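Atoms considered below: every heavy atom in the structure, side chains included; atoms not considered: hydrogens, waters and symmetry mates. Computed from a prediction, not measured in an experiment: that's the story for all the values here.
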There are 2 protein chains.
Amino acid sequence: MTHPIPRTRIQEKNRARVLEAALEVFSRAGFRGATLDAIAGEAGLSKPNLLYYFASKEDIHVTLLEGLVDRWLDPLREMRAEGDPQAELLAYVRRKLQMSRDFPRESRLFAQEIVQGAPRIGAGLSTDLKALVDEKAGVIQAWMDAGKIAPSDPHHLIFSIWSLTQHYADFDVQVRAVLGEGRDPIDEAEGFLETLFTRLLTP
Amino acid sequence: MTHPIPRTRIQEKNRARVLEAALEVFSRAGFRGATLDAIAGEAGLSKPNLLYYFASKEDIHVTLLEGLVDRWLDPLREMRAEGDPQAELLAYVRRKLQMSRDFPRESRLFAQEIVQGAPRIGAGLSTDLKALVDEKAGVIQAWMDAGKIAPSDPHHLIFSIWSLTQHYADFDVQVRAVLGEGRDPIDEAEGFLETLFTRLLTP
DNA sequence: GTCTATAACAAGATAGAC
DNA sequence: GTCTATCTTGTTATAGAC
């Protein structure tokens, strides 16, 4: 990696511009489908200038994914063992759904990486991710054992929250096509998912 | 399209070989990430021979998707208004989960097409797909109105079945990384999803 | 730091022999 | 029908002037 960590303010700002543009293009077209031309155009820079700030196309992609994973798991990290179990889980669902509304491009970027077998972030999945999920699954299991929420498999409960919320970002085109014009999918999902998880979790 | 509908048995067989190989490669790498070289290698044919059977790379991809959409919706079509509501819905969930087990590559191919905005099958979504879903949502609504199952939004109920079942095919890598070795994700999902939908649907 | 020009290569598609 | 060789285009990346 010949490109050093940026030090000046202008470098940091231009790197951010590139990453914003790259997020837009990568999330729409995938890694191979995205071209440096498209990213450069979106960023309002020339193609060589792009490669002044990043070593390669792959460097941009990896930088994007690394910055993403942490933020992606924040809603789960915030779940507190000390809080009211059902309220904590429902709040987690709302936070996660909110991310589908606020960061759909990030969700789609991540989805494509996973669907393709996580070729670029595979390692972190079985270590960092697994550790966090196992910990939180333990908290949920304790809640179930105490009779605070109805019993089910904690790991699959977490999977269900991921899939149900991310669906509205990743499959947005399909959801909108089916619902038709003039409906706000995520707005409706909020009520539906509250109903679903309330019925699932109430002892 | 200069390539005619195949008539001989050997043509049909070779086209099938190409499609099988293409499914493998496209589902792993996406449309742009897949190369004709990779598909040819997987099929055991030369690259020009591939293009003897299909007009272009896109032709292969479109053929694959067209053959897929119909089969993909079969489990929903089989849902009968005359049956027991809860049993019909739970059976639909089981059929859909079974497809994630039996046809994960098809699921991932479809997922990538949708995530990228359905550039190649977009049209069909708002017509055929919407029509079928609207019809079945009507059936579900009638069941709810009759008090046979607990009320919720029928469209989002169908979305939830899609997302929860397809998750185990599309995010397989992540699910396995989190669960660790020696567990059968879909086997476990069967029990979890039966619990989830029973609690959601029971009046 | 940013640009124009271009090198180097990968990949879709075709020509033409067999 | 199938192959080897090749054309052509698009794309990543670099060279070098400013």
Side-chain angles (χ1 to χ4, degrees), chain A residues 1-65 112 116 119-120, chain B residues 1-65 109 112-113 116 119-120:
Chain A
M1 202 74 65
T2 62
H3 292 232
I5 305 287
R7 310 188 183 283
T8 74
R9 204 166 292 119
I10 189 154
Q11 277 179 339
E12 201 44 73
K13 191 174 170 206
N14 273 338
R15 276 178 65 98
R17 267 173 74 190
V18 172
L19 289 175
E20 156 65 26
L23 173 60
E24 181 69 29
V25 177
F26 279 135
S27 68
R28 260 195 278 112
F31 179 74
R32 278 295 251 77
T35 67
L36 290 182
D37 264 322
I39 298 173
E42 185 82 24
L45 296 173
S46 71
K47 196 162 44 167
N49 205 2
L50 226 69
L51 295 168
Y52 171 79
Y53 288 104
F54 290 89
S56 66
K57 180 181 174 179
E58 175 139 6
D59 183 22
I60 302 176
H61 195 249
V62 169
T63 303
L64 221 40
L65 280 174
Q112 296 190 67
Q116 298 194 0
R120 277 169 269 267
Chain B
M1 202 72 69
T2 62
H3 293 233
I5 306 287
R7 310 186 182 286
T8 74
R9 201 166 294 116
I10 190 155
Q11 277 178 338
E12 202 44 73
K13 190 173 172 208
N14 272 339
R15 277 179 64 98
R17 266 173 74 189
V18 172
L19 288 175
E20 157 64 27
L23 173 61
E24 181 69 30
V25 177
F26 279 135
S27 69
R28 260 195 279 111
F31 179 74
R32 282 296 249 75
T35 66
L36 289 181
D37 266 322
I39 298 173
E42 185 80 25
L45 295 173
S46 69
K47 194 163 45 165
N49 205 3
L50 226 68
L51 295 168
Y52 172 79
Y53 288 104
F54 290 89
S56 65
K57 180 182 175 180
E58 174 138 8
D59 183 23
I60 303 177
H61 194 251
V62 169
T63 303
L64 221 38
L65 279 174
L109 182 74
Q112 296 192 68
E113 170 71 8
Q116 298 194 358
R120 279 169 269 269

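The side chain of A:N49 places no N or O atom within less than 4.0 Å of a non-bridging phosphate oxygen (OP1 or OP2) of C:dT4. Regarding contacts with the backbone of D:dG1, a side-chain N or O of B:T8 is found under 4.0 angstrom from either OP1 or OP2. A sub-4.0 Å separation between OP1 or OP2 of C:dA13 and a side-chain N or O of B:Y52 is absent.
A donor-acceptor pair under 3.5 Å is formed between the side chain of A:Q112 and the backbone N or O of A:S27.
Straight-line distance from the CG atom of A:N14 to the P atom of C:dT2: 5 Å, rounded to whole Å. When rounded to the nearest whole Å, the span between CG of A:L50 and C1' of C:dC3 equals 14 Å. Atom CZ of B:F54 is separated from atom P of D:dG1 by 14 Å (rounded to the nearest Å).
Contact record, B:A40 with B:S46: CB-C, 4.0 Å, taken as the closest heavy-atom pair. Shortest non-hydrogen contact noted between A:V18 and A:I60 is CG1-CD1, 4.1 Å.
No side-chain heavy atom of A:Q116 sits under 4.5 Å from any side-chain heavy atom of A:F31.
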Could you run down nucleotides 6-18 of chain D 5' to 3' and tag each one B, S or - for protein heavy-atom contact under 4.0 Å? -----SBBB----

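Of the residues A:D37, A:I39, A:N14, the one that meets the side-chain contact (heavy atoms from CB on, under 4.5 Å) test with A:L50 is A:I39.
Not a single salt bridge (charged side-chain N to carboxylate O under 4.0 Å, His left out) links A:K57 to another residue, sequence neighbours left out.
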